[in-house]
K.L.:
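Here you go, one structure.
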Amino acid sequence: MTEITPEIVAEHGLTPQEYDKVLEILGRQPNLVELGIFSVMWSEHCSYKSSKRWLKTLPTEGPQVIQGPGENAGVVDLGDGLAAVFKIESHNHPSFIEPYQGAATGVGGILRDVFTMGARPVMNLNALRFGAPDHPKTRHLVSGVVAGIGGYGNCVGVPTVAGEVNFHPAYNGNILVNAMTVGLAPADRIFYAKAVGAGNPVVYVGSKTGRDGIHGATMASAEFGADSEEKRPTVQVGDPFTEKLLIEACLELMATDAIVGIQDMGAAGLTSSSFEMASKGGMGVELDLDLVPLREAGMTPYEIMLSESQERMLMVLKPGREDEARAIFEKWDLDFAVIGQLTESGRMVLRWHGETVAELPIDPLAQAAPEYDRPWDEPEPAVELDERALPAEGDPLGALERLLVSPDLASRRWIWEQYDHLVGGDTVERPGGDAGVVRVAEGPKGIAATVDCTPRYCLADPRSGGAQAVAEAWRNLNAVGALPLAITNNLNFGNPEKPKIMGQIVGCVQGMGEAAAALGTPVVSGNVSLYNETDGQAILPTPVVGGVGLVPDVALVTGIGFPGDGLEIVVIGATQGHLGRSIYLREILGREEGAAPPLDLAAERRHGDFVRGLIHGGKIAACHDVSDGGLLVALAEMALAGNRGCSLAVPAGESALAGWLFGEDQARYIVVAEAALPILEAAEMAGVPAQAVGATGGSELQLEGYGHTSLARLRSLHEGWLPGLMGGDLVGAAE
Amino acid sequence: MKSAVVVFPGTNRERDMVRALERASGRHPALVFHKDTEIPPVDLIVLPGGFAHGDYLRAGAMAARSPVMREVIARAEAGVPVLGVCNGFQVLTETGLLPGALLRNAHLRFVCRTVTLRVENPQTLFTGRFAAGETFDTPVAHMDGNYFIDDEGHRRLADNGQIAFRYVAGGAPGEANPNGALDDIAGVFNESKTVLGLMPHPEDATDPLHGGTDGRKLFDGIVEALA
Amino acid sequence: MKARVHVTLKPGVLDPQGKAIEHALDTLGFGGIEEVRQGKVIELTLAESDPQAARSKVEEMCRKLLANTVIENYAIDLEA
Amino acid sequence: MKARVHVTLKPGVLDPQGKAIEHALDTLGFGGIEEVRQGKVIELTLAESDPQAARSKVEEMCRKLLANTVIENYAIDLEA
Ligand SMILES: Nc1ncnc2c1ncn2[C@@H]1O[C@H](COP(=O)(O)OP(=O)(O)O)[C@@H](O)[C@H]1O
Ligand SMILES: [Mg+2]
């Protein structure tokens with residue numbers, strides 16, 4: 001037996017204190033298998049030890065919530081007996097090492113989280129962060145990640161309908177790949193990971209187990225060094241075809257009542273799935289590792305327990321239902337094996353070749369999982385930008401053109417055309433709008449979903465940045481006419497052992513909680529990805545929010561495109577001209593500074609409710625929220641989407657021009673309608689600021705007093721940047 | 001019109017197709033599984049889109065050799081009309097029911113977007129509702145849609161009116177031909193015009209919510225011809 | 001017994017993957033590349049130990065599945 | 001000078017394609033197949049005529065582009 005040395009303990013990512021706890025729980029030294037199990041169960045990835053204390057502060061309840069955090073995915077009620085099941089998850093480190101497979105298996109993992117709960121996946125989203133466009137690795141990473149997301153989702157047949165992409169040098173050494181799935185389930189037939197019933201069979205289904213990604217969970221919990229690429233761990237390869245079969249087979253079995261509990265094998269594979277199921281049900285579990293379907297000869301119990309091979313699930317069945325279940329999985333050509341049973345013992349017992357190779361108490365191990373209250377620094381308040389000291393904007397249309405070709409505002413068409421966003425025949429809002437919308441159950445209802453985060457705001461002020469991410473998601477849902485229901489979140493940060501980073505985490509979570517409470521969108525699921533640092537350089541704080549809303553009637557959904565000529569354009573919400581941390585400031589003036597735009601959650605709610613009311617009342621013909629780049633960029637996007645120009649009267653004086661056109665004041669939407677007046681009146685009644693600013697028509701974007709520019713020119717600039725960047729598409733594997 | 005839709009493991013656009021057929025014919029198509037060796041008596045057999053067997057090895061290769069395809073081939077040879085869309089088109093070329101082959105897209109990327117098609121031969125049971133040269137919009141969504149055929153085969157296609165649709169300019173920004181297909185070919189017939197394969201997805205352009213209903217003409221025409 | 005099947009595109013058939021590699025190598029600064037073609041290699045481990053029998057079996061696999069003879073050629077190598 | 005590069009998945013890395021081919025051959029009634037792995041073969045025609053120089057150039061191409069060394073191995077054959 002391997003001697004457990006301090007080196008081996010350290011290699012397993014356990015601190016000496018944590019190892020002392022292991023000794024205390026066992027009352028003896030663990031063997032290597034047991035140490036491996038402790039190591040993954042107590043990893044940051046599985047135990048949330050640094051973030052748990054703060055995650056507990058998030059609002060998670062509401063009348064619409066069927067299942068909050070703690071299960072594979074969150075569940076909200078859509079009415080009519082339907083439920084939306086959703087979650088977001090990161091695959092950051094693997095995607096940096098092997099972008100195609102890393103991103104693909106990220107999509108596979110989040111799909112499993114959702115169909116494990118009995119839901120058919122109906123939409124995928126993704127939030128991506130890459131390094132500087134001219135960084136030597138960026139093109140290779142963009143090309144691989146996008147192809148991987150498409151490669152997996154397209155094959156499985158789930159439409160990818162929305163997402164977001166940022167470029168910033170802070171992600172040069174740590175890209176972010178966050179994938180979200182929304183599924184649809186009958187509200188009264190949700191499946192949980194809780195295993196009960198001594199003697200009930202534990203069943204393994206899906207692909208065989210190989211030596212993939214052993215220690216993926218611990219890798220996802222450690223900071224990168226420059227040598228990480230050398231130490232390349234075995235990367236998991238995704239098999240979307242098998243996943244597709246697994247979805248069909250699981251849903252077919254779920255239509256019966258044979259399943260007691262079910263859990264996908266994600267990070268830490270068989271270990272965490274069996275542990276979590278038994279722990280939730282207060283049971284013990286006995287597994288015979290000789291029965292696990294293996295891909296390779298000579299695998300050890302350690303490898304079997306820690307393998308992260310993809311496309312596998314663990315289920316507990318009702319006694320006597322094995323044959324019925326086996327028939328379904330065999331029909332779909334998937335492996336099916338009864339590998340053990342539940343016991344009353346409260347212990348996990350693993351047998352192999354007739355011997356007991358591990359024996360661990362389940363509850364103490366789960367209960368004693370470390371939880372840290374890490375020291376954190378209160379972030380320093382950002383200094384307000386002195387806007388009067390900025391140079392006057394003499395060429396606003398020139399600035400608009402430069403913004404439309406800037407990395408964060410250029411068209412993402414090159415990306416989303418690689419995603420099948422139509423499969424299923426229910427896509428109502430394609431990528432390119434404010435939120436993806438998919439019709440459900442033959443209509444009229446639909447689900448809307450969006451992912452949002454503005455890391456530059458989070459860096460300036462974590463608290464307001466965390467809140468802003470929730471508010472932007474709320475806005476994007478309202479803008480298509482959806483009633484926002486709940487959110488999921490993916491907290492991407494640097495090393496939490498540094499008080500400054502921990503301060504960002506705390507601030508963002510607090511802000512997110514405040515906004516979620518104020519806007520009535522509780523957090524029902526989420527994921528945390530820490531240690532996103534390379535050589536001490538942390539990413540920008542990036543708490544991505546995934547929002548889900550209910551569209552009562554998909555026929556009412558408004559797009560962003562101007563649908564006709566001669567329509568009047570109204571801005572909902574007050575335009576104050578806040579330029580601190582704006583894209584304009586960064587791209588046109590080359591400065592990343594100032595405070596983030598102030599956020600008024602009460603106004604946010606009022607304006608959102610008002611706009612949604614207009615849409616449901618059939619009062620407006622198009623709607624777009626105003627976010628990155630401000631008013632003029634939003635208008636240009638609407639003009640391009642509708643292939644129709646507009647003219648805009650500028651009420652502001654010359655000195656405040658840049659702020660009025662490009663400021664990123666929050667809680668704003670642009671709506672267009674036959675006539676502005678009724679909307680202005682309704683807004684006044686509702687206590688919502690509103691301003692008529694122009695009218696649609698023509699083939700140019702006209703700014704009264706400043707000339708005009710043609711849509712054709714704007715389009716070629718806007719559409720050209722990303723294809724231009726990616727021009728030499730196939731970028732070296734090792735580049 | 002009675003129809004059957006063949007489902008392989010990995011097929012993922014069967015629901016889109018079923019609904020398009022229902023909209024046009026008012027009847028629910030029969031679903032046939034890849035392991036089935038019999039197909040009910042129908043007026044039309046449809047192979048829908050997806051990634052049958054993951055499209056591993058070559059798109060459509062393994063599906064073309066599955067048990068149900070023996071029956072599809074037999075019916076096709078007996079004159080039963082067969083429609084293959086996207087993956088279904090790939091399967092039909094792999095069986096030899098349609099000439100040519102579908103290679104990886106020239107830019108090596110999956111492509112999902114709206115394209116414009118021109119009807120090249122309106123005198124078939126599939127295209128009777130269209131006028132010669134008429135154009136219509138429909139989405140594509142594929143990785144391997146780059147149609148290839150050798151020179152002699154190409155000449156025969158052209159001479160014999162077997163080119164069904166070509167990509168032409170009109171749709172979304174980007175090139176008209178989304179995949180590098182030879183001679184902009186988007187769909188082809190067999191010699192007797194009873195088998196049609198095309199890469200685009202007319203079934204995803206049959207509902208106002210799809211953003212256009214141009215695809216209906218194809219299905220309505222088929223129903224009319226086969227009623 | 002092991003068999004290695006090389007499946008390559010017939011001359012004259014467009015090879016998008018080969019083209020893309022050629023272009024990428026060029027972009028990476030590798031000069032003097034006249035042509036690149038990409039094919040597949042399929043390695044089979046067979047229970048059969050008689051070379052003659054193995055070859056004829058693999059031939060049949062190629063014709064029935066492994067190659068699409070409309071666009072591809074194949075070649076078989078056997079290793080003991 | 002021609003170079004032939006074989007790119008194969010490292011042992012232990014899941015090969016969904018190989019697995020599927022194995023399954024399909026089985027369904028077609030080919031018995032006695034123990035394993036199938038699928039790889040790529042890339043054929044390069046180079047202006048370079050010195051074998052040594054050609055090999056080292058192709059080596060570099062493999063590392064930089066042709067193989068994904070995280071999951072793949074490569075082997076180079078030169079033909080005059
Ligand atoms: N990674 C992606 N996947 C799919 N769609 C994307 C992706 N990135 C951006 N999009 C789409 O492009 C459009 C513009 O994105 P973004 O500017 O982030 O929108 P917003 O400002 O409304 O959040 C949105 O419709 C979004 O869904
Ligand atoms: Mg938006």
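Keep in mind that what you see is a predicted model, and the values were worked out from it rather than measured. Quick note on labels: first sequence line is chain A, next is B, and so on, each numbered from 1.
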K.L.:
Got a second to check how far C:Lys19's NZ is from B:Leu108's CG, nearest 0.5 Å?
P.N.:
11.0 Å
K.L.:
Measuring from B:Leu57:CG to C:Lys40:NZ, what's the distance to the nearest 0.5 Å?
P.N.:
5.0 Å
K.L.:
For the CZ atom of B:Phe148 and the CG atom of C:Leu14, what is their distance to the nearest 0.5 Å?
P.N.:
7.5 Å
K.L.:
Would you say B:Glu191 has more than 12 foreign heavy atoms packed within less than 6.0 Å of its CD?
P.N.:
no
K.L.:
With a 6.0 Å cut-off (strictly less than), is the heavy-atom count around CG of B:Asp151, excluding the residue itself, greater than 12?
P.N.:
no
K.L.:
Taking every heavy-atom pair that is under 4.5 Å apart, which of C:Asn68, C:Val7, C:Leu9, C:Ile42 has the most such pairs with chain B?
P.N.:
C:Asn68
K.L.:
Checking heavy atoms, do the side chain of B:Asn105, its backbone, both or neither come under 4.5 Å from chain C?
P.N.:
backbone
K.L.:
Above 12 or not: heavy atoms from other molecules or residues under 6.0 Å from NZ of C:Lys2?
P.N.:
no
K.L.:
Within a strict 4.5 Å, meaning less than it, do heavy atoms of the C:Asp15 and B:Leu103 side chains meet?
P.N.:
no
K.L.:
Using a 3.5 Å distance criterion without hydrogens, assess whether the side chain of B:Arg58 forms a donor-acceptor pair with backbone atoms of C:Leu66.
P.N.:
yes
K.L.:
Taking CD in B:Glu38 as the centre, count heavy atoms belonging to other residues, nucleotides or ligands within less than 6.0 Å. Is the count above 12?
P.N.:
no
K.L.:
Which bit of C:Leu65 is near chain B, if near means a heavy-atom gap under 4.5 Å: side chain, backbone, both or neither?
P.N.:
both
K.L.:
Contact between B:Arg65 and C:Lys64 at the side-chain level, heavy atoms closer than 4.5 Å - yes or no?
P.N.:
no
